[in-house]
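A, B, ... follow the sequence lines: proteins, then strands. Residue 1 opens every chain.
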2 protein chains.
Amino acid sequence: MSRRSGVLEFAVLGLLRESPMHGYELRKRLNTSLGVFRAFSYGSLYPCLKALVQRGWLVEEPSAQPEEQLTPRAQAGSLAGRRAKIVYRLTAEGKEHFEDLLSQTGPDTWEDEHFGVRFAFFGQTSRDVRMRVLEGRRSRLEERLAKMRASLARTRERLDDYTLELQRHGMESVEREVRWLTELIESERKGSERAGDERTRRPARETGSDRPSSGPSDNTDR
Amino acid sequence: MSRRSGVLEFAVLGLLRESPMHGYELRKRLNTSLGVFRAFSYGSLYPCLKALVQRGWLVEEPSAQPEEQLTPRAQAGSLAGRRAKIVYRLTAEGKEHFEDLLSQTGPDTWEDEHFGVRFAFFGQTSRDVRMRVLEGRRSRLEERLAKMRASLARTRERLDDYTLELQRHGMESVEREVRWLTELIESERKGSERAGDERTRRPARETGSDRPSSGPSDNTDR
DNA sequence: AATTTCATGTAATTCGTTACATGATTCC
DNA sequence: GGAATCATGTAACGAATTACATGAAATT
């Protein structure tokens, strides 16, 4: 019934923070912006949106434009009227909640399921949190590497070539991610040495006042 | 109620084909042999074993070892030997079923969830099936790369640095796996040119007779 | 006019996990 | 004798999917 998930919820809040959107577009963004890692279907998305509305983090804004504007073929081809699209917008409570989520640095934040989506919103995350998440993930992966090496040493002889190759390739992937993280961490450190505040992708606050005064729809940017 | 999963079921059958085992050890093997990719818990494993027994693919063999073998703490008051460890053994039908599974080359076989476990049992898989699976996966990944590149070209400007970096790293991972697959495919091809049959890791049949004659317990190899 | 794409949703199912509950055996 | 590890299970939940159902708008 609830469908509030963690990853999906986080991503939805994060995307809607940037700009209001309706479900269909949201889903496309989820599956591209958020990269290779996750793909969500409508069956997950719509119930999730409903749940978020119920908690007061989103509001539905039926894109019900005045019907006097009967546009058989949409003059100017612009994004004016269509079927009752429901545009979702983040409320003030929603914003606050998302910022709470952004500031979390608990142990799951660097697990496989969460790390990708956390990283995707690093643009809105403070530098110290970014550092903790990156370093947390790196040491998590190093732990994993140690276990793999140990297990490999114990069982090397009993395994056939394919199993071994699978293991080898898996370890290499993890090692590669560790190197990637190390580069990112160093680059974060360099960024924080010079420059006290600005110049490092600020948290993107104040995109207008608390609520867009005029119609927040028509911002579907397509 | 059923819990027959696909991946877990496949892996259990495959491991038990090599030798009978009880649940606890099976789980350890699942989480090491099968590599980084999957970790299963008892909550999944035991119900799965039960289901496989019900279908006639496994039999439970209560490991009632001869109690003459005095252990220092031993029999006093207990029913038979130790606690009833349940050793699972593949039946003839189970073997047949697993071979059916091994010979499948449908489109899911190279999807993310299945590919790892399929590869882990390549040692028991015929060469032509191996080839189809490897090539299927490679072209699946190439498709994915094409989509990613297209989407990246469309949206490059709208994305912040972190999202972009995530995307870049994701693509590189996929490219790396493609190169890996290409090497494997070539090596398979080379292997099949010379040598008509032997010398390419035969399917590992006949590890003794149909059933291990002596007690299959104490094979816990630790 | 027909097809594709946009758009929203629900019900049932899948594939797993965590937390709980229990007890035996081995190590120190 | 106490802790760690071995060993087996069940109930409740979680987070998503697939398949289904519907219909409007744009493209051809």
Point to revise | NZ/NE/NH1/NH2 to OD/OE distance under 4.0 Å, B:Arg55 and B:Glu93 | key: no
Practice item. Write down the distance between CG (B:Asp108) and P (C:dC15), rounded to a whole number of angstrom. Key: 10 Å
Check your understanding: Between C:dT8 atom C1' and A:His22 atom NE2, what is the distance in whole Å?
Key -> 10 Å
**Study point:** Worked check of side-chain contact (heavy atoms from CB on, under 4.5 Å) between B:Phe10 and B:His114
**Key:** CA-CA 9 Å; B:Phe10 187 92; B:His114 294 84; over 6 Å; no
Practice item. To the nearest Å, give me how far apart OH (A:Tyr46) and P (C:dA11) are. Key: 16 Å
**Study point:** Value rounded to 0.5 Å, distance of CG in B:Leu159 from CG in B:Leu164
**Key:** 6.0 Å
Review point. Can you say whether the rings of B:Tyr42 and B:Tyr24 are parallel (under 30°), tilted (30 to 60°) or perpendicular (over 60°)?
Key: parallel
Study note, to complete from the structure: Ranking C:dT10, C:dT17, D:dT8 by distance to the side chain of B:Ser44, first place goes to C:dT17
Practice item. Could you tell me whether the phosphate oxygens of D:dC6, OP1 or OP2, come under 4.0 Å of any side-chain nitrogen or oxygen in B:Lys85? Key: no
Check your understanding: Whole-Å distance between C:dC6 C1' and A:Lys28 NZ?
Key -> 9 Å
Practice item. Assign the ring pair A:Trp180 / A:Phe119 to parallel, tilted or perpendicular, where the plane angle (0 to 90°) is split at 30° and 60°. Key: tilted
**Study point:** From D:dA16, D:dT18, D:dG9, nucleotide with atom closest to B:Tyr88 side chain
**Key:** D:dG9
Point to revise | Atom-pair distance (CD on B:Glu113; P on D:dT17), nearest Å | key: 11 Å
Practice item. Grab the CD-C1' distance between B:Glu60 and D:dA7 for me, whole Å please. Key: 14 Å
Check your understanding: In whole angstrom, what separates B:Leu49's CG from D:dT10's P?
Key -> 11 Å
**Study point:** Candidate nucleotides C:dC6, D:dT18, D:dT8, ranked by approach to the side chain of A:Tyr24 - the nearest
**Key:** C:dC6
Check your understanding: Of the nucleotides D:dT18, D:dT8, C:dA7, which one has an atom closest to the side chain of B:Ile86?
Key -> D:dT8
Review point. What is the distance, rounded to the nearest whole Å, between atom OH of A:Tyr42 and atom P of C:dA7?
Key: 9 Å
**Study point:** Selected nucleotide, minimal atom distance to A:Val7 side chain, candidates D:dA7, D:dA16, C:dA7
**Key:** D:dA16
